[in-house]
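Notes follow the structure.
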Protein chains: 2
Amino acid sequence: MRADAKKNFDHLLATARDVVAEHGADASLRDVARRADVGLGTLYRHFPTREALLDALLRSTFDELTAKADELGKTSSPTDALTIWLRDCVAGATQIRGITPLMMTAMEDPESALHASCVTMRAAGARLLARAQDEGSAREDLDGGDLFALVGALAWLGDLPATASRAGHLLEVVTSAVLTR
Amino acid sequence: MRADAKKNFDHLLATARDVVAEHGADASLRDVARRADVGLGTLYRHFPTREALLDALLRSTFDELTAKADELGKTSSPTDALTIWLRDCVAGATQIRGITPLMMTAMEDPESALHASCVTMRAAGARLLARAQDEGSAREDLDGGDLFALVGALAWLGDLPATASRAGHLLEVVTSAVLTR
DNA sequence: AGAATAATCGGAGCAGTGCTCCGAATATAT
DNA sequence: ATATATTCGGAGCACTGCTCCGATTATTCT
């Protein structure tokens, strides 16, 4: 990678973080390029799709979440592990406003740049869920996809002004529905 | 209202129903006007905002839902009433793909054409919830807004291809969390 | 009936979007 | 210093929501 290319890449990423923090996941890509003092073509070469850009912004968060799932699976009780991980997961997805629809869509689209991260996270959650189910402390009629859907829905509520303030409480309610004791 | 105006109004509404069924709530309004063989200005005069158009499409459904809530409040047990109404409510909101974000936003914006309908529905749900709470069969730490949020989130899941098939089941899970026995 | 009027129509126009494409600029290798 | 391969940047296309206003037409009045 050429030196100037890397410079632009890094600068774009940093600028994108700001712009996305302000305007959410549907932020204008033109705006990102403008504020990074870079041509639109440059942005699109480094990040061919919006998903690619968002993936670059979220990759570290997502990796931490899957790592944390595995760690919790060893150090905490099945119930605690699920509770904590669900909370962190929702918090992670709430990092970027408006990303939940993209994540859910990416689940079914192998071409999406977000696909891999999402599938990995779903699997990590599924392991925690299975552990709790084996112990008898989680509903049997749920799978990893269901858990992911619930996380997405709760993160979605956290994004909306009308429901953001209650999202935390609703997370508790839903968690209590997943757990059987 | 002039005769030609009424003709266009009705025709626009019918066309909008088709287009929205195909492309969801973010359908191109230009497209609606085109397919109705009507100028763009005509569409915007009859329906100044997208919300106004969607409200016209959903008004009857919403009215039926609030009516049904009141009826269920008299004829069914608190538990049954809530269960049935939640199901119908989600089904109603799933009628138009992508309308849930608009509904949630409308809750907080008195200017929105959808505001009135949404507030009325929330109130209807709140009454059913309160009845169940009085009987001790619903969680005490929920209010009408929470119920509305949960309905919205479930309808949202019903809209997404990745989760649509499990939305029905997740509705059961959430319902069981709202009800305490 | 014919004319005056007021309501309605329809689309040009503006500012914005995502995305592509390619000539110009430039970093790197020779 | 020259040649080459990469990278740059923005013009351009097709679309969007939305406004505005001259032309058209239904209705009313004489």
Side-chain angles (χ1 to χ4, degrees), chain A residues 1-16 18-57 96-99 101-103 105-106 109 111-114, chain B residues 1-16 18-57 96-99 101-103 105-106 109 111-114:
Chain A
M1 193 164 179
R2 239 165 72 170
D4 54 346
K6 171 160 176 53
K7 195 185 111 194
N8 277 337
F9 183 93
D10 293 342
H11 191 200
L12 270 171
L13 213 51
T15 308
D18 293 349
V19 176
V20 161
E22 279 178 37
H23 298 63
D26 328 297
S28 159
L29 296 186
R30 240 186 191 79
D31 199 26
V32 173
R34 248 190 312 254
R35 281 169 62 164
D37 264 310
V38 144
L40 193 54
T42 305
L43 188 156
Y44 273 99
R45 188 167 339 91
H46 286 306
F47 307 101
T49 66
R50 162 173 255 110
E51 282 81 10
L53 179 57
L54 293 170
D55 182 58
L57 289 179
I96 292 182
R97 272 201 328 272
I99 202 162
L102 293 175
M103 285 177 55
T105 303
D109 174 18
E111 302 303 311
S112 169
L114 286 167
Chain B
M1 191 165 180
R2 240 167 70 171
D4 54 346
K6 172 160 174 56
K7 197 186 109 193
N8 276 337
F9 183 93
D10 294 342
H11 191 200
L12 270 171
L13 214 52
T15 308
D18 293 349
V19 175
V20 162
E22 279 178 38
H23 301 357
D26 329 295
S28 160
L29 297 186
R30 242 187 189 78
D31 200 25
V32 173
R34 250 193 309 259
R35 280 169 62 164
D37 265 311
V38 144
L40 194 55
T42 305
L43 187 155
Y44 273 98
R45 189 166 339 92
H46 286 307
F47 307 101
T49 66
R50 163 173 255 111
E51 281 81 10
L53 178 57
L54 293 170
D55 182 58
L57 290 178
I96 291 182
R97 246 174 325 130
I99 201 160
L102 293 175
M103 284 177 58
T105 303
D109 175 18
E111 301 302 311
S112 168
L114 286 167

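Order of the sequence lines sets the chain letters (A, B, ...), proteins ahead of strands, with each chain counted from 1.
Taken from CG in B/Leu43 to CG in B/Leu13, the straight-line distance is 10.0 Å, to the nearest 0.5 Å. Rounding to the nearest 0.5 angstrom, the gap separating the CG atom in B/Asp18 from the NE2 atom in B/His23 is 11.0 Å. Distance check: A/Leu114 CG to A/Arg50 CZ gives 11.5 Å after rounding to the nearest 0.5 Å. Atoms NE2 and NE2, on B/His11 and B/His46 in that order, are 12.0 Å from each other to the nearest 0.5 Å. Between atom CG of residue A/Leu12 and atom CZ of residue A/Arg35 there is a gap of 12.5 Å, rounded to the nearest 0.5 Å. Atom CD in A/Glu51 sits 10.0 Å away from atom CG in A/Leu53 (nearest 0.5 Å).
Less than 4.0 Å separates DNA chain C from at least one heavy atom of each of the following residues of residues 4-13 of chain A: A/Asp4.
Put simply, CG on A/Leu53 is 11 Å from P on C/dG18, counting in whole angstrom units. Atoms CZ (B/Phe47) and P (C/dT8) sit 14 Å apart, rounded to a whole Å. Separating the CG atom of A/Asp31 from the P atom of C/dA15 is a distance of 17 Å, rounded to the nearest angstrom. The interatomic distance linking B/Asp37 (CG) with C/dC9 (P) rounds to 14 Å, in whole Å. B/Met1 places its CE atom 16 Å from the C1' atom of C/dA6, with the value rounded to the nearest Å. Across the protein-nucleic acid pair, A/Leu43 atom CG and C/dG18 atom C1' stand 11 Å apart, rounded to whole Å.
For B/His46 and C/dC9, the shortest distance from a side-chain N or O to OP1 or OP2 is below 4.0 Å. For the pair B/Ser28 and D/dG17, the criterion of a side-chain N or O lying under 4.0 Å from OP1 or OP2 is met.
Here A/Ala36 lies out of heavy-atom contact (under 4.0 Å) with every strand.
Remark: the B/Arg2 side chain and the C/dT8 base include no donor-acceptor N/O pair separated by less than 3.5 Å.
Counting non-hydrogen atoms of other residues, nucleotides and ligands closer than 6.0 Å to CD of B/Glu111 gives a total of 12 or fewer.
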* Quick one, give me the B/S/- string for nucleotides 19-24 of chain C, reading 5' to 3', where B means a protein heavy atom under 4.0 Å from the base and S means that only happens at the primed atoms, P, OP1 or OP2. => BBB---
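Shortest non-hydrogen contact noted between B/Ala25 and B/Leu102 is CB-CD1, 4.2 Å.
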